[in-house]
Amino acid sequence: MIPRIDVRSAIARKQFSEELIFEYGADWSLLDIPFVSFSSPVCVTLRYEILENDDVEITGQMRFSLKGECSRCLSDAEQSFTAELDALFVMGESDGESYGYRNGVIFLEEFLRDSLMVALPPRLLCGNCSASDGENE
Ligand SMILES: [Zn+2]
């Protein structure tokens with residue numbers, strides 16, 4: 001479940017920052033490596049901070065695992081990934097660089113989807129192949 005951040009009621013409670021920990025099932029359509037799937041939910045640890053102008057800064061991390069055939073040798077592969085999260089939500093419309101939010105509530109879906117897309121690797125390699133890959137570089 002992806003929580004929403006109720007900025008208005010957080011301000012009313014004078015809780016200007018908070019840590020949220022949750023996990024959710026990733027959208028499989030984001031993944032386009034052949035014969036690879038998510039082998040865990042996406043685990044998110046994030047912290048929001050409501051700034052004086054009501055913009056909300058979000059930082060944190062997302063973790064997920066992929067499992068399937070090694071993109072090079074086709075043996076079984078499983079790997080965990082961690083990505084940093086960092087975004088600014090501004091009241092009203094998105095300005096292209098930050099996300100917008102309305103009615104005092106932040107929905108995280110689009111931001112998490114974008115962050116996950118950036119974090120997904122172009123391919124999955126097994127232990128052997130990623131070791132030899134490192135040597136070639
Ligand atoms: Zn391999």
Side-chain angles (χ1 to χ4, degrees):
M1 269 290 282
I2 300 176
R4 44 182 84 159
I5 300 173
D6 189 336
V7 179
R8 198 176 282 163
S9 82
I11 291 172
R13 296 197 313 268
K14 299 197 185 305
Q15 177 156 43
F16 298 109
S17 73
E18 190 180 2
E19 192 173 63
L20 301 175
I21 298 173
F22 57 93
E23 49 181 53
Y24 69 97
D27 179 354
W28 286 46
S29 68
L30 295 179
L31 191 60
D32 72 353
I33 312 173
F35 309 111
V36 171
S37 58
F38 289 98
S39 59
S40 74
V42 181
C43 303
V44 179
T45 305
L46 64 76
R47 182 176 186 78
Y48 70 78
E49 186 160 355
I50 303 171
L51 308 179
E52 266 177 41
N53 61 1
D54 291 346
D55 288 356
V56 180
E57 197 171 25
I58 290 182
T59 53
Q61 280 193 336
M62 69 179 5
R63 278 181 295 122
F64 58 92
S65 307
L66 299 178
K67 189 177 180 175
E69 286 185 359
C70 171
S71 301
R72 186 178 292 167
C73 72
L74 306 186
S75 53
D76 287 343
E78 180 162 17
Q79 201 182 342
S80 301
F81 298 88
T82 303
E84 299 296 319
L85 300 175
D86 188 5
L88 187 69
F89 283 76
V90 299
M91 269 221 273
E93 290 294 323
S94 157
D95 63 8
E97 295 200 356
S98 34
Y99 292 86
Y101 75 95
R102 290 169 176 283
N103 303 321
V105 180
I106 290 179
F107 294 90
L108 294 166
E109 279 80 358
E110 186 190 358
F111 161 57
L112 292 174
R113 190 184 166 88
D114 291 348
S115 303
L116 184 58
M117 265 167 63
V118 172
L120 284 172
R123 58 190 179 164
L124 181 67
L125 294 178
C126 69
N128 288 337
C129 289
S130 58
S132 66
D133 204 45
E135 283 164 18
N136 294 339
E137 279 165 8

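Ligands are counted one by one from 1 in listed order, and the atoms in each one are counted from 1 as well.
The closest side-chain heavy-atom distance from L66 to P121 is below 4.5 Å. V7 has its side chain within reach of I50: a pair of non-hydrogen atoms, C-beta onward, lies under 4.5 Å apart. When side chains are defined from C-beta on, F64 counts as touching L120, because their heavy atoms get closer than 4.5 Å.
Take a cut-off of 2.8 Å around the Zn ion (ligand 1): the protein N, O or S atoms inside it are C70 SG, C73 SG, C126 SG, C129 SG.
The OG atom of S98 lies 11.0 Å from the CD atom of E57; values are rounded to the nearest 0.5 Å.
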Can I get a per-line list of side-chain donor-acceptor pairs under 3.5 Å for residues 34-49, giving both atom names and the distance, sequence neighbours left out?
residue, atom, partner, partner atom, Å
S39, OG, E78, OE2, 2.9
S40, OG, S65, N, 3.1
R47, NH2, S17, OG, 3.1
Y48, OH, E18, OE1, 2.8

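With Y99 as the fixed residue, the side-chain contact (heavy atoms from CB on, under 4.5 Å) test singles out one of V90, L88, D114: D114.
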